[in-house]
Amino acid sequence: MEALWPLISQGGATGLLAVFIVAILTGRLVPSSTVASVREDRDQWRLTALEREKTLTTVLDSMRESNEATQMLVELIEDLRERSES
């Protein structure tokens with residue numbers, strides 16, 4: 001952008017218009033509504049990701065507890081089988 005200052009000073013209004021066109025085409029100058037929309041989308045995605053992370057943590061904790069209970073039952077059944085065979 002600093003390289004465009006000579007164009008502005010030498011070109012006057014035409015140079016200034018050229019700078020604005022270049023800024024728009026390169027994406028450096030965008031409407032504030034676009035920026036607000038992008039920020040809202042970003043914030044919504046962030047909230048969604050955090051909610052899903054909490055949900056997945058809860059599900060994983062439940063799965064671990066269920067797995068532990070199942071393993072305890074398997075051990076109990078094996079122990080009962082050994083006792084009934086002897």
Side-chain angles (χ1 to χ4, degrees):
M1 201 71 166
E2 293 174 8
L4 297 175
W5 285 116
L7 179 64
I8 295 171
S9 63
Q10 293 176 356
T14 306
L16 186 59
L17 179 62
V19 168
F20 276 108
I21 290 173
V22 168
I24 290 170
L25 293 176
T26 59
R28 293 177 187 256
L29 184 61
V30 294
S32 61
S33 61
T34 302
V35 173
S37 175
V38 168
R39 286 182 178 162
E40 287 175 16
D41 287 348
R42 176 202 61 197
D43 293 342
Q44 184 59 42
W45 278 106
R46 183 174 291 149
L47 288 174
T48 302
L50 290 173
E51 289 173 5
R52 287 188 179 182
E53 184 177 0
K54 287 178 185 176
T55 302
L56 286 175
T57 301
T58 303
V59 168
L60 285 174
D61 289 343
S62 298
M63 288 175 63
R64 284 187 190 109
E65 291 173 6
S66 175
N67 189 30
E68 289 175 8
T70 303
Q71 295 216 351
M72 288 172 57
L73 286 172
V74 167
E75 291 172 5
L76 180 62
I77 291 171
E78 288 174 353
D79 187 43
L80 289 173
R81 282 184 184 163
E82 288 176 3
R83 287 184 185 187
S84 67
E85 290 176 355
S86 51

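Since we're looking at a predicted model, the values are computed, not measured.
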Query raised in the report: CD/Glu75 to CG/Leu80 distance, rounded to the nearest 0.5 angstrom?
Result: 12.0 Å
Query raised in the report: Do side-chain atoms of Ser62 reach the backbone of Thr58 as a donor and acceptor pair under 3.5 angstrom?
Result: yes
Query raised in the report: Residues in side-chain hydrogen bond (donor to acceptor under 3.5 Å, both in side chains) with Arg64, at least two apart?
Result: Asp61
Query raised in the report: By side-chain contact (heavy atoms from CB on, under 4.5 Å), which residues pair with Thr48, not counting sequence neighbours?
Result: Gln44, Arg52
Query - Interatomic distance, Ile77 atom CD1 to Ser84 atom OG [nearest 0.5 angstrom] - result: 11.5 Å
Query raised in the report: Going from CZ on Arg81 to CG on Asp79, what distance comes out if it is rounded to the nearest 0.5 angstrom?
Result: 11.5 Å
Query raised in the report: What distance separates Asn67 CG from Met72 CE, expressed to the nearest 0.5 Å?
Result: 12.0 Å
Query raised in the report: When rounded to the nearest 0.5 angstrom, what distance separates CD in Gln71 from CG in Leu76?
Result: 13.5 Å
Report summary line: Apart from Leu25 itself, members of its ILVMFWY cluster (side-chain separation under 4.5 Å) are Leu17, Ile21
Query raised in the report: Under the salt bridge (charged side-chain N to carboxylate O under 4.0 Å, His left out) criterion, do Arg39 and Asp43 qualify, and how do the steps go?
Result: CA-CA 6 Å; Arg39 286 182 178 162; Asp43 293 342; over 6 Å; no
Query raised in the report: What distance do Glu40 atom CD and Arg42 atom CZ have between them, rounded to the nearest 0.5 Å?
Result: 10.5 Å
Requested in this report: For residues Pro31 and Thr34, determine if any side-chain heavy atom of one lies less than 4.5 Å from a side-chain heavy atom of the other.
Outcome: yes
